[in-house]
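Quick notes on the structure that follows.
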Amino acid sequence: MSLLRRLSLLPLAGMLAHAAPLAAQHYQCNLPRTLQVPQVRPDAAPRPLPITGYTLALSWSPEFCKPRKGQPRHARQCSGRAGMFGLVVHGLWPDSGRSWPQWCSAQRQPRPREVAANMCISPSATLIARQWAKHGSCMARNPATYFKVTRILWEGLRIPDYDRVSREDDLTAGTIRTRFVDANPGWVHEAVGVKLNARGWLEELRLCYDKRFMPKACDRTRFGARDEAPAKIWRGL
């Protein structure tokens with residue numbers, strides 16, 4: 001069954017009905033008028049494994065940009081000239097019970113307009129092209145399908161105001177999970193992974209789905225920091 005067919009069978013309408021006010025987590029964003037799609041070279045052998053579920057990884061952009069603001073390769077995401085970003089899509093990854101499927105054969109590369117259409121949720125052409133080549137190629141026959149599924153999942157989410165959450169007293173990884181679950185009916189605590197860096201700052205949320213794109217409990221690796229772990233959220237100031 002195709003990815004889009006699986007999504008069409010979900011009770012997703014109720015999730016989307018709650019999503020509109022806070023679905024976008026780019027504070028401002030301008031799509032590029034033109035771009036070149038970067039060439040991506042595999043850095044490992046192909047691994048075409050059976051898919052048992054999916055992970056939607058959402059990076060906290062202020063933390064990513066903290067050491068990268070002056071770097072030309074990250075100018076779109078980090079300079080502020082193309083807009084300001086909160087959570088952004090790192091990628092949609094297929095899972096397998098044994099390992100990560102990756103670098104499968106692809107019929108074609110993404111077209112410039114397909115990449116450009118996603119640069120308000122993933123503000124890096126290099127990242128988008130790499131995510132398709134490494135992960136999307138194991139999920140879909142063409143980039144358009146992979147990107148469309150990613151957007152459907154993203155638009156079905158309500159993103160909490162993590163700027164405000166960052167000011168809460170005694171903030172923990174559990175607080176970050178709880179605020180996400182409170183904003184998203186149908187999600188459960190165990191399905192929200194929280195990745196903190198070595199100094200306790202939020203780097204990424206990892207949202208775990210089953211084969212039908214319904215939330216499911218993350219394994220230990222994707223669940224990340226335990227609920228009681230102290231956490232901090234960088235606001236980009």
Side-chain angles (χ1 to χ4, degrees), residues 1-12 15 37-59 64 87-111 114-115 118 121-122 124-157 177 180 184 186-197 203-226:
M1 184 182 296
S2 72
L3 287 174
L4 292 176
R5 177 62 176 161
R6 288 179 195 171
L7 282 177
S8 72
L9 296 176
L10 292 185
L12 200 61
M15 296 168 66
V37 179
Q39 293 294 316
V40 177
R41 297 176 183 269
D43 57 11
R47 194 186 294 153
L49 297 172
I51 294 174
T52 58
Y54 302 92
T55 301
L56 183 64
L58 306 179
S59 294
F64 175 85
L87 280 174
V88 298
V89 175
H90 178 172
L92 176 60
W93 307 333
D95 305 327
S96 176
R98 290 174 288 167
S99 187
W100 298 90
Q102 63 177 16
W103 302 117
C104 299
S105 59
Q107 293 183 347
R108 66 172 177 85
Q109 296 304 304
R111 299 186 176 103
E114 293 171 334
V115 173
N118 291 279
I121 66 171
S122 294
S124 166
T126 299
L127 174 64
I128 293 170
R130 181 176 173 83
Q131 292 301 301
W132 156 252
K134 184 174 183 179
H135 302 292
S137 61
C138 296
M139 294 171 49
R141 294 183 178 179
N142 63 75
T145 299
Y146 173 69
F147 296 143
K148 185 171 184 179
V149 170
T150 302
R151 288 195 303 271
I152 289 173
L153 295 176
W154 169 259
E155 290 166 2
L157 301 173
R177 287 190 178 93
F180 183 88
N184 290 274
W187 278 84
V188 294
H189 198 80
E190 295 76 16
V192 182
V194 175
K195 182 182 178 184
L196 306 177
N197 68 18
E203 286 190 347
E204 197 159 83
L205 297 185
R206 293 183 173 174
L207 307 180
C208 300
Y209 297 85
D210 65 16
K211 287 182 66 173
R212 297 180 60 246
F213 293 102
M214 295 298 294
K216 76 168 185 178
C218 300
D219 57 32
R220 184 169 61 181
T221 299
R222 288 180 294 158
F223 189 75
R226 297 171 65 90

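Bear in mind that the values here come from a model prediction, so they are computed numbers and not experimental data.
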With the side chain counted from C-beta on, respond yes when [X] and [Y] share a heavy-atom pair under 4.5 Å apart, and no when they do not.
| X | Y | answer |
| --- | --- | --- |
| Val194 | Leu205 | yes |
| Ser99 | Leu49 | yes |
| Leu157 | Leu207 | yes |
| Pro143 | Gln109 | no |
| Val89 | Thr150 | yes |

Flag, side chain of [X] to backbone of [Y], donor-acceptor distance under 3.5 Å:
| X | Y | result |
| --- | --- | --- |
| Asn118 | Ser122 | no |
| Ser96 | Pro101 | no |
| Tyr146 | Leu92 | yes |

Between atom [atom1] of [X] and atom [atom2] of [Y], what is the distance when rounded to the nearest 0.5 Å?
| X | Y | atom1 | atom2 | answer |
| --- | --- | --- | --- | --- |
| Arg111 | Asn142 | CZ | CG | 8.0 Å |
| Arg151 | Ile121 | CZ | CD1 | 7.0 Å |
| Met139 | Cys104 | CE | SG | 10.5 Å |
| Arg47 | Lys134 | CZ | NZ | 8.0 Å |
| Tyr54 | Lys216 | OH | NZ | 10.5 Å |

Kindly give the heavy-atom pair with the smallest separation between [X] and [Y], and that separation in Å.
| X | Y | result |
| --- | --- | --- |
| Trp154 | Leu56 | N-CD2, 4.4 Å |
| Glu204 | Ser59 | OE2-OG, 2.7 Å |
| Phe147 | Pro110 | CE1-CB, 4.0 Å |
| Glu203 | Asn197 | OE2-CB, 3.0 Å |
| Trp132 | Ala106 | CZ2-CB, 3.7 Å |
| Val115 | Val37 | CG2-CG2, 4.0 Å |

*Under 3.5 Å, is there a donor-acceptor pair between the Thr52 and Asp95 side chains?*
no
*asked:* With a 4.0 Å cut-off on N to O distance, would you call Glu114 and Arg108 a salt bridge?
replied: yes
*Should the pair Arg206-Asp219 be classified as a salt bridge under the 4.0 Å nitrogen-to-oxygen rule?*
no
*All side-chain contact (heavy atoms from CB on, under 4.5 Å) counterparts of Ser124, not counting sequence neighbours*: Thr126, Leu127
*So Val192 and Trp187, side chain to side chain contact (heavy atoms under 4.5 Å, CB included) or not? Walk me through it.*
CA-CA 8 Å; Val192 182; Trp187 278 84; 4.2 Å; yes
*Hey, does the Lys NZ or Arg CZ of Arg177 hover above the aromatic six-ring of Phe223, less than 6.0 Å from the centre and inside 45° of the axis?*
yes
_The criterion is ring-ring contact (aromatic ring centres under 6.0 Å, His included); which residues satisfy it with Trp93, sequence neighbours excluded?_
His90, Trp100, His135
